Amino acid sequence: MLALLYMRKNLVIAIDGYSSCGKSTLAKALAKKLGFIYIDSGSMYRAVTLFFIRNKVDISDPEAVKDALQHIELNFHSRDYESHITLNGEEVSEEIRQMPVSENVSEVSANKIVRKEMVKQQQRMGKSKNIVMDGRDIGTTVFADAQVKFFMTADPKIRAERRFKELQSKGDTVTSLEDVFENLAHRDYADTTRAESPLTRAEDAIILDNTELTQEEQLDFALEQVHQHLPV
Ligand code: DC
C-alpha cells in the first residue's frame, strides 16, 4: 500500500488553480491513493463567510472582523476522503456551498485579516501530518516549501460546461450555461486581481491543464509527478 511508503509525517501536496477546474476531485483522489489527509482550504473561507452572514459582521470594520475571528473555531473531519468542516462544533459542509455563501465568499476571502488567520491555521495543519491541500495560495503562501505543487487550469468553456452539468445533476433547472460562464469569469477575475495573495502559479508548480484529460488520466499524471518529487 502506497501510504506505508511515506514514513515522514509532514509532507505537503499543494494544489492551486482556477474555480471549477477539478482541484478537489484531484486532491481527494491523490489523498486516497497516498493515504494523506485532504484539506479543502476554500471551505474555511466559506465557513468564515457563513459566520459573518449569520452574525452580520461588518467586513469593512477591522475591529469587528478581528473580534469575530476570535469567536470562530473550525475543525475538519475527514470521512471517506471527503472534507467535512465544523463551525463552532456545527457541521456546515452543505450550507457553505449554497448561494448566500458563494455570493459573499470572494469579498471575505480578499480580507487581509481573515487571510492572515486562515493561513496560520492551515500551516498548523501541515505540521505533523501528510496532507493534500487545495486552494488559491497554497503553493505560493501557505506552503511555499511544499514538496509537490500543482497549478490546475482548463479551458473556461469546458469548466463552465462541467459545472453546468453538475448543477443540473443536482436538480438546478434555473441557472443557464451563460450564467455559469459569467460567474466563473467573475471569480477568475476576482481571484487573480485581488491585492492579498492573488491566485498565481508558484514558479515550481507543475501545470496541469485538464481540458482534454479524463479524471483517471489526470490522476495518473499527478501520481507520476508525486512519485518523482517525493522519493520514498
Ligand atoms: O475553492 P472554493 O471555490 O470553495 O473557494 C471559495 C473562495 O475562497 C473563493 O472565492 C476563493 C477563496 N479561496 C482563497 O482565497 N484562498 C484559498 N486558499 C482557497 C479559497
Side-chain angles (χ1 to χ4, degrees), residues 12 14-16 19-20 22-32 35-138 141-143 163 166-167 169-172 174-175 183 187 190-191 194 196-197:
V12 176
I15 303 183
D16 291 302
S19 294
S20 296
K23 296 187 296 295
S24 67
T25 303
L26 177 66
K28 276 180 225 168
L30 275 179
K32 197 169 180 176
F36 283 25
I37 290 172
Y38 164 54
I39 299 170
D40 168 6
S41 69
S43 69
M44 298 172 70
Y45 291 98
R46 288 177 177 271
V48 169
T49 304
L50 179 62
F51 183 93
F52 280 21
I53 293 171
R54 284 180 177 175
N55 295 280
K56 299 188 173 51
V57 177
D58 179 1
I59 185 89
S60 65
D61 177 352
E63 289 311 314
V65 171
K66 276 185 207 153
D67 183 62
L69 287 171
Q70 287 187 353
H71 293 91
I72 294 178
E73 194 188 322
L74 303 176
N75 281 299
F76 281 101
H77 302 274
S78 208
R79 277 202 306 273
D80 306 329
Y81 297 94
E82 292 293 330
S83 185
H84 292 271
I85 189 164
T86 58
L87 167 62
N88 296 331
E90 176 192 351
E91 161 81 55
V92 291
S93 308
E94 292 281 322
E95 196 171 350
I96 59 170
R97 303 277 151 211
Q98 289 165 7
M99 269 328 249
V101 170
S102 296
E103 281 171 357
N104 288 284
V105 67
S106 285
E107 194 184 359
V108 173
S109 64
N111 183 281
K112 192 176 181 167
I113 303 166
V114 172
R115 294 207 75 81
K116 197 171 165 209
E117 179 58 28
M118 292 305 106
V119 169
K120 196 169 81 187
Q121 294 193 17
Q122 289 153 5
Q123 287 172 335
R124 217 180 288 141
M125 292 174 199
K127 281 243 153 62
S128 53
K129 297 187 268 291
N130 289 339
I131 62 169
V132 182
M133 189 179 284
D134 71 346
R136 305 294 189 287
D137 61 341
I138 310 305
T141 305
V142 183
F143 293 109
R163 178 92 186 106
E166 192 186 326
L167 285 172
S169 72
K170 287 184 181 161
D172 182 341
V174 185
T175 314
N183 178 263
R187 289 203 285 154
D191 285 347
R194 70 182 178 212
E196 294 301 321
S197 294

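Keep in mind that this is a model prediction, so the values were computed, not measured.
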Checking side-chain contact (heavy atoms from CB on, under 4.5 Å) for the pair I85/M44: CA distance, chi angles, key distance, verdict? CA-CA 8 Å; I85 189 164; M44 298 172 70; 4.1 Å; yes
In short, S43 meets I96 closest at the heavy-atom pair CB-CD1, 3.6 Å
Considering all heavy atoms of both residues, which atom of E107 and which atom of I59 are nearest to each other, and what is their separation? OE2-CG2, 3.3 Å
Does a side chain donor of either E117 or Q121 reach within less than 3.5 Å of an acceptor in the other side chain? yes
Nearest 0.5 Å, what's the CG-CZ distance between D137 and R194? 6.5 Å
A47 and L87: which non-hydrogen atoms are nearest, and at how many Å? O-CD2, 3.8 Å
Are F51 and N88 packed together at the side-chain level, in the sense that at least one heavy-atom pair is separated by less than 4.5 angstrom? yes
Is the backbone N or O of S93 less than 3.5 Å from a side-chain atom of E91, with the two atoms forming a donor-acceptor pair by type? yes
Knowing that exactly one of F143, F36, Y38 qualifies, which makes a side chain to side chain contact (heavy atoms under 4.5 Å, CB included) with I131? F143
Is D40 salt-bridged to R97, going by a charged N under 4.0 Å from an acidic O? yes
Smallest separation among heavy atoms of S109 and R115, with atom names: O-NH1, 2.5 Å
Nearest-0.5 Å distance that lies between atom CE in M118 and atom CG in L74: 5.5 Å
Looking just at side-chain N and O atoms, do R136 and S19 make a donor-acceptor pair shorter than 3.5 Å? yes
Using the side-chain contact (heavy atoms from CB on, under 4.5 Å) rule, take V142 and S41 through it: C-alpha gap first, then chi angles, then the decisive distance, then the call. CA-CA 10 Å; V142 183; S41 69; over 6 Å; no
Closer than 3.5 angstrom, by distance alone: can the side chain of D16 be matched with the main-chain N or O of I138 as a donor-acceptor pair? yes
Point-to-point distance, once rounded to the nearest 0.5 Å, from CE of M133 to NZ of K23: 14.0 Å
Given side chains that start at C-beta, do those of T86 and H77 come closer than 4.5 Å, heavy atoms only? yes
Where A68 and F52 come nearest, the two heavy atoms and their spacing: CB-CE1, 3.7 Å
For the OH atom of Y45 and the CG atom of N111, what is their distance to the nearest 0.5 Å? 10.0 Å
How long is the straight-line distance from CG of L69 back to CD1 of I113, given to the nearest 0.5 Å? 7.5 Å
Could you tell me whether the side chain of N183 reaches within less than 4.5 Å of the side chain of T175, counting heavy atoms only? no
Can you name the closest pair of heavy atoms from S102 and R46 and give their distance? OG-NH1, 3.2 Å
R187 vs S20, test: side-chain contact (heavy atoms from CB on, under 4.5 Å). Steps then yes/no. CA-CA 10 Å; R187 289 203 285 154; S20 296; 4.0 Å; yes
Kindly compute the distance separating OG1 (T141) from NZ (K116), expressed to the nearest 0.5 Å. 14.0 Å
